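Below is one structure; the comments refer to it alone.
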Amino acid sequence: MEFFHEPKIDWMGKKWYFIALSLPLLVLGLFSIAVHRGLVYGIDFRGGTEVAVKFAHDTKPDAIRNQLDQHGLHGATLQQIGAQADHEVIIGLDLKTTASSDALDAGKRAIVDALSGMYGAAPAGKIDFNNTSPQALADKLITADPLQLAIKGSEAADKSYHDLADALIKFKNSPPQSGLITDLKQLQAVPGVTPAVISLLDSNYYLSSFAVRDTQVVGPKVGGDLRRQALYVTLAGLGAMLVYIWFRFELIYGVAAVIATFHDVLITLGIFSLLNWVGYPGTEITLTVIAALLTLVGYSMNDTIVVFDRIRENVHLSKREDLYTLVNRSINQTLSRTLLTSGLTFLAVLSLFLFGGEVIHGFALVLVVGVIIGTYSSIAIASPVLVFWQQRAGGRGSAGVKARAFEREPVGARR
C-alpha cells in the first residue's frame, strides 16, 4: 500500500527548516527544566507518601490544602483523578514533609487525622469504619465474638472472623461503594453478617465522609536508587543500539541514530516539564513514564533503521551517485511505509491517552508525543546528520560525496 507514488521531496534541502523547528523546542524544554532545577519527579523517584482519597461529596482543593496546613502538613501536592463526580484526589507528601524514611508511613496517618477534622470531631470511643483495616476489624470481632463462635475453639473462631472481616472490607471497596459506606445497614448484604454483627459495628464504629483508597510509600534511598537505575538503563539501551548499528551498518549510522534518539528524549522531557509548569496533571516523571521513554527509544531507533537500511541498499546499487540525492530518494521510497506504520501506532497510543485512565496517563502522553517526534527525527535529524558527517569527511569544497564511503555489502545481499 502506498500513499504516494514516487514522491520527489527534497528533504535534505529543507534541513534548515528542521533545525528552526527543533532548536526552539529543545531550548524551551531545557529552559523549563532549568527553571524547575531539574525534572519534576513523582513519589517513585523523590521519595515520600502518596495517598489516594475518595470523598463522599465534592471537596475543593483549597479546603483540603488548608486543612493539611493546619495540621503542619505544608507543601502537599493535590491531583484529582478520574471523573469529577468520583471525588477522588491524590495527596502527596514529599521527604521535606515526612522528614525521614521511618516517618513515611506516619504521613498516611497524619493525612487521615487531618482530613478527619474537616467534618467535625469523631464520636468519642468510636473507630472510622471507612478507614479501618481488615486486621483491626477482625481483632474487634474476635474480642466481642458477636456470633458466639468461641465455643467451637479459638482457632476456628479466629479464622471465621478474619474471613468475615475480609468480606466486609471487600464489600466496602467494591462498586458501587468504592470505599465509602454511608449506612452500616448496607453491610447486611454480606454473607454471614447477622443483626448481632451490625449492632456491634454500630456501637463501635462511625462512618466518615472520606476513605483512603490506596497508599504508596517510597523511602529516600529507594527513590535515589530508582533514579540512578532509570538513568543507567536508558544510557545502556542507547549504548547497546549504537554498538548494534555500528556492527550492522557503519559507525556514523549509529552516531546519527543515537543523536536523533537523544533529540527525541530531550524534547519529550522538555514538553513534560513545560506541561508540569502550566499545571497540566500527570506530567511528573514516574516509573511508568520511564518505561514509556524506553519504548520511545526503541520505536525511534527502529524507524531510523528502516530509513538507513534503504539508504545502504541504494548506496550499494548506485555507487557513483552522490549521497545527498541517495538520502532524498531513500526517504521518499520509505515515506508511505513510515506514514502507515506511524499513523496506526499514533491512533493506538492516542486511544490509550484518551480512554486509558489516569493510571497510564503519563505513559500514554509520552508515546503520543514520542511517535510524532520519533517519526520526524528519523527523517529530519538522523538523515541530515549522516549527510553532514560524510560531507565533512569528503572535504569542505566537494560538490557532492560519492557513495563509495558506504560500500559495505548489506548482510544477506545477493551476489
Side-chain angles (χ1 to χ4, degrees), residues 43-44 47-56 86 88 90-91 93 98 100-117 119-219 221-222 359:
I43 293 292
D44 297 347
T49 303
E50 196 171 70
V51 179
V53 182
K54 179 179 177 64
F55 293 90
D86 293 339
E88 290 195 44
I90 291 180
I91 302 173
L93 298 176
T98 52
S100 68
S101 58
D102 294 335
L104 287 170
D105 191 47
K108 173 190 173 182
R109 296 193 297 272
I111 290 174
V112 172
D113 292 342
L115 295 178
S116 297
Y119 304 98
K126 288 193 173 184
I127 305 168
D128 180 8
F129 183 83
N130 282 328
N131 288 295
T132 194
S133 66
Q135 182 61 50
L137 180 58
D139 291 343
K140 179 65 70 174
L141 292 170
I142 291 169
T143 302
D145 192 21
L147 300 178
Q148 302 297 313
L149 298 178
I151 58 175
K152 297 181 179 180
S154 60
E155 186 174 338
D158 288 358
K159 183 179 184 306
S160 296
Y161 282 126
H162 275 98
D163 291 343
L164 180 57
D166 289 340
L168 289 168
I169 298 300
K170 182 178 179 180
F171 176 82
K172 174 178 74 74
N173 291 331
S174 61
Q177 294 76 229
S178 300
L180 280 173
I181 295 291
T182 56
D183 189 339
L184 288 171
K185 291 181 180 179
Q186 292 176 256
L187 299 174
Q188 291 175 343
V190 178
V193 172
T194 65
V197 173
I198 297 296
S199 178
L200 171 69
L201 295 176
D202 190 55
S203 301
N204 292 273
Y205 290 88
Y206 74 99
L207 299 173
S208 67
S209 297
F210 72 94
V212 174
R213 299 279 287 144
D214 189 26
T215 303
Q216 183 179 4
V217 178
V218 179
K221 185 177 185 304
V222 173
V359 175

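Only a predicted model underlies this, so the values are computations on that prediction, with no experimental measurement involved. Position 1 is the first residue of the sequence, and the numbers go up from there.
Within the 4.5 Å cutoff, side-chain heavy atoms of Leu201 are placed close to those of Leu137. In this structure the side chain of Glu50 never reaches within 4.5 angstrom of the side chain of Asp214, judged on heavy atoms. Between Val197 and Leu147 there is a side-chain heavy-atom pair separated by less than 4.5 Å. Proximity of Leu115 to Ile91: side-chain heavy atoms (C-beta onward) are separated by under 4.5 Å at one or more points. Using a 4.5 Å cut-off on side-chain heavy atoms (C-beta onward), Thr132 and Ile169 make contact. The closest side-chain heavy-atom distance from Pro146 to Tyr161 is below 4.5 Å.
Distance CD/Gln188 to OG1/Thr194: 9.5 Å, rounded to 0.5 Å. In this structure, OG in Ser209 is found 12.0 Å from NZ in Lys54, a value given to the nearest 0.5 Å. Rounding to the nearest 0.5 angstrom, the gap separating the CD1 atom in Ile198 from the CG atom in Leu184 is 6.5 Å.
Of all non-hydrogen atoms in Val190 and Ala167, the two that sit nearest each other are CG1-CB, 3.8 Å. Residue Asn173 comes nearest to Arg213 through the heavy atom pair O-NH1, 3.6 Å, listed as atom of the first residue, atom of the second, then distance. In terms of heavy atoms, Ala136 sits closest to Tyr205 at O-OH, 4.1 Å. Between Pro134 and Ala165 the shortest heavy-atom distance is O-CB, 3.5 Å. Between Pro191 and Leu164, the shortest heavy-atom distance links the atoms O-CD1, 4.0 Å.
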What pairs of donor and acceptor atoms, side-chain ones from residues 122-129 against any protein atom, are under 3.5 angstrom apart with sequence neighbours left out?
residue : atom : partner : partner atom : Å
Lys126  : NZ   : Asp202  : O            : 3.1
Asp128  : OD1  : Asn130  : N            : 3.1
Asp128  : OD1  : Ser208  : N            : 3.3
Asp128  : OD1  : Ser208  : OG           : 3.1
Asp128  : OD2  : Asn131  : ND2          : 2.6
Asp128  : OD2  : Ser208  : OG           : 2.7

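Distance alone, capped at 3.5 Å, is enough to place a donor-acceptor pair between the Ser203 side chain and the Ser199 backbone. Put simply, the side chain of Glu88 never gets that close to the backbone of Ala52: no donor and acceptor are under 3.5 Å apart.
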